[in-house]
Amino acid sequence: MYTFSNKLKTFSFVLMLLGAIGVGYGFLTSHLSFEEVEHLLAEEAHHGGGHGEEAGHAAPTHDAHAVADTHDNHGDTAHAEVDEHKEHVEHVQHQIANRPWSALYVAAFFFMMIALGVLAFYAIQIASQAGWSPVLFRVMEGITAYLLPGALIVLAIAVASGTIGHYNIFIWMDPEVVAHDKLIEGKTGWLNLGGFVIRGLIFIGGWYAYRHFSRKFSIAQDTAEDNSNFKKSFRISAAFLVFFIYTESMMSWDWIMSVDPHWFSTLFGWYVFASMFVSGITVIALITIYLKSKGFLEFVNANHLHDVAKFMFAISIFWTYLWFSQFMLIWYSNIPEEVTYFVTRFQDYKLPFLGMVVMNFVFPLLMLMNADYKRMPWFVVMTGLVILFGHYIDIFNMIMPATVGDRWFIGIPEISSILLFAGLFIFVVFSALTKAPLLVKGYPFRKESEEFHY
């Protein structure tokens, strides 16, 4: 039996504490007054900043008011400039207030999707009756323990941002925006708060139900005299995969794509799936290597690590195929309603947008192409950490342009949010690992898995 060490437990609490402090600081410092934002934009204008320069040009002057007394048309222009300036400052003020909400949401979704990706991978292994992976099942079950709290947190942040906050993430939650936007108004049959919450609870309920029963059957199989529990696991895994492919797509529309309610992509559900799948498989590799370094999982050998690393490599290529397919088709067709999504990311997010392609494709391609490297734990850890950071940036690129515009930065709110959920993830996952033996003793393919080599 695995024992959750006091050092690791303390480390997880420290991460959560530091993260909570930083998140609180981010919220406290995000509500700038109109005058403070005006001053910020003026400083940016002085240093050549884009928005600040616009605000500087839009700001009213005493000369304009003096001329307005003599020329009515100049007066109208001055008033228009005042209104434009006020509207721009309020827009930037809102973007700055959005940042801690968005940073929290990105981190929450990132760790939730790791657990969900692992759950899908686990179901695929059981439904396909794979013979190499059963020795890793308890690691997978431990990771999926985070799914229920993680998904509920994501849903809670989304709803809170539109109720406690001021429609900080999803603009379609704002009745005033909907009233003046015909396109969003036409989508209110789907994009409404009640439907959003109900669908979210259905998604989470279905995912958790599968995780609960598959774990129950897995533990029961350890002491069973027949394979009845394995057969139950097989049947519910096959059914879950059908449920998952539908709900994962709808979840990606609701929880991510709807931050840009004017834009949509038919590939988006697959694209998000690829990101969560490779992230989940990477975490399986990292936790397996950690447990082996502590003297556990003695039945896991270099061949198992090699196969997990092969999946890391393969799904990284699959993610790149989907990224390029979505990008190339939209960019080439150059339809204004579609290409705007990528124009904003090229203009304001060029470094993270192109950087994630290097981290999620070029780096794993070069590092994991060699079969021998896949068997080296330190090499897999190094590559895995880069892949995880790359897919965090992927989620960052999906959310931030629609919520904070060009007011993005990887600073205290973003880092603190990662620390907060990383600490919670570590605590939940490693606590779950202590609840059952790390080897599925009664699983029919256990012997085949233990002796797996090539």
Side-chain angles (χ1 to χ4, degrees), residues 23 26-28 30-32 34 37 87-113 149-205 247-265 268-269 272 337-338 340-341 344-345 348 395-408 413-414 417 421:
V23 168
F27 276 101
L28 289 174
S30 66
H31 295 284
L32 302 183
F34 186 90
V37 175
E87 183 179 339
H88 177 65
V89 173
E90 288 177 346
H91 177 66
V92 173
Q93 186 180 22
H94 187 53
Q95 287 181 326
I96 293 172
N98 283 353
R99 186 179 160 199
W101 282 105
S102 301
L104 195 66
Y105 189 75
V106 169
F109 186 90
F110 174 71
F111 283 97
M112 182 281 298
M113 82 171 187
L152 289 174
I153 289 170
V154 171
L155 186 60
I157 293 171
V159 173
S161 72
T163 51
I164 299 173
H166 187 66
Y167 316 111
N168 300 81
I169 300 176
F170 301 96
I171 61 170
W172 56 262
M173 291 185 182
D174 187 348
E176 290 186 16
V177 170
V178 175
H180 295 90
D181 192 313
K182 293 297 181 184
L183 195 149
I184 300 179
E185 189 177 16
K187 296 183 177 183
T188 53
W190 182 273
L191 293 181
N192 60 82
L193 187 58
F196 181 85
V197 173
I198 291 170
R199 286 192 302 274
L201 292 175
I202 291 172
F203 303 156
I204 296 168
T247 55
E248 184 277 331
S249 293
M250 289 188 283
M251 176 275 291
S252 67
W253 304 340
D254 276 3
W255 293 4
I256 296 185
M257 194 164 68
S258 73
V259 299
D260 285 290
H262 296 104
W263 179 85
F264 65 90
S265 167
F268 198 77
V272 175
E337 294 84 356
E338 295 181 355
T340 301
Y341 183 86
T344 57
R345 282 153 180 81
D348 300 325
I395 304 302
F396 185 90
N397 284 329
M398 293 182 201
I399 300 294
M400 290 294 188
T403 59
V404 304
D406 64 352
R407 300 287 148 185
W408 71 273
E414 292 77 16
S417 297
F421 290 110

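Positions are given from 1, in the same order as the sequence printed here.
- With rounding to the nearest 0.5 Å, the separation of CD in Gln95 from CE in Met400 is 11.5 Å.
- Here the straight-line distance linking atom OG of Ser30 with atom CZ of Arg407 works out to 14.0 Å at 0.5 Å rounding.
- Annotation: the span from Tyr341 atom OH to Thr344 atom OG1 amounts to 8.0 Å, rounded to 0.5 Å.
- For the atom pair CG (Leu155) and CH2 (Trp255), the distance works out to 5.5 Å, reported to the nearest 0.5 Å.
- Remark: Trp172 pairs with Ser258 by the side chain to side chain donor-acceptor pair (under 3.5 Å) rule, at least two apart or across chains.
- Counting only distance, with no hydrogens or angles, the side chain of Thr340 and the backbone of Glu337 share no donor-acceptor pair below 3.5 Å.
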Quiz prompt | Evaluation steps, side chain to side chain contact (heavy atoms under 4.5 Å, CB included), between Asn98 and Ile169 | solution = CA-CA 7 Å; Asn98 283 353; Ile169 300 176; over 6 Å; no
Quiz prompt | Test side chain to side chain contact (heavy atoms under 4.5 Å, CB included) applied to Val272 and Glu248, step by step | solution = CA-CA 8 Å; Val272 175; Glu248 184 277 331; 3.8 Å; yes
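- Scanning both residues, Val259 and Ala402, for their nearest heavy atoms gives O-CB, 3.4 Å.
- Nearest heavy-atom pair across Met112 and Gly150 is CG-C, 3.7 Å.
- For the side chain to side chain donor-acceptor pair (under 3.5 Å) test, no residue two or more places apart in sequence or in another chain qualifies with Ser417.
- A heavy-atom distance below 4.5 Å is found between the side chains of Ile153 and Phe421.
- Listed by first and then second residue, the side chain to side chain donor-acceptor pair (under 3.5 Å) pairs that reach into residues 184-197 are Trp190-Asp254, sequence neighbours excluded.
- Summarising the geometry, atom NE2 belonging to His88 is positioned 12.0 Å from atom CD belonging to Gln93; distances are rounded to the nearest 0.5 Å.
- Every residue two or more places apart in sequence or in another chain that forms a side-chain contact (heavy atoms from CB on, under 4.5 Å) with Ser265 is listed here: Trp263, Leu267, Phe268, Gln326.
- For the pair Arg199 and Phe203, the cation does not sit on the ring face, since its NZ or CZ is not both under 6.0 Å from the ring centre and inside 45° of the axis.
- Of all heavy-atom pairs between Met398 and Asp260, the closest is O-OD2, 4.1 Å.
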Exercise. Please test Ile202 against Thr247 for side chain to side chain contact (heavy atoms under 4.5 Å, CB included), starting from the C-alpha separation and ending with a verdict.
Key: CA-CA 9 Å; Ile202 291 172; Thr247 55; 5.6 Å; no
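- In terms of the side-chain contact (heavy atoms from CB on, under 4.5 Å) criterion, residue partners of His262 (sequence neighbours excluded) are, by chain and number, Asp181, Leu183, Ile184.
- Partners of Ser249 by side chain to side chain donor-acceptor pair (under 3.5 Å), not counting sequence neighbours: none found.
- The ring pair (Phe, Tyr, Trp, His ring centres under 6.0 Å) test applied to Tyr105 returns Phe170, not counting sequence neighbours.
- Leu193 pairs by the side-chain contact (heavy atoms from CB on, under 4.5 Å) definition with Val159, Thr163, Met173, Val197, not counting sequence neighbours.
- A donor-acceptor pair is defined here as one N or O able to donate and one able to accept, closer than 3.5 Å; such a pair exists between the side chain of Trp408 and the backbone of Asp348.
- Among residues two or more places apart in sequence or in another chain, the ring pair (Phe, Tyr, Trp, His ring centres under 6.0 Å) test is passed with Phe111 by Phe425.
- With values rounded to the nearest 0.5 angstrom, Ile395 atom CD1 is found 8.0 Å from Phe110 atom CZ.
- For the residue pair Pro413 and Gly26, the shortest heavy atom distance occurs at CG-CA, 4.1 Å.
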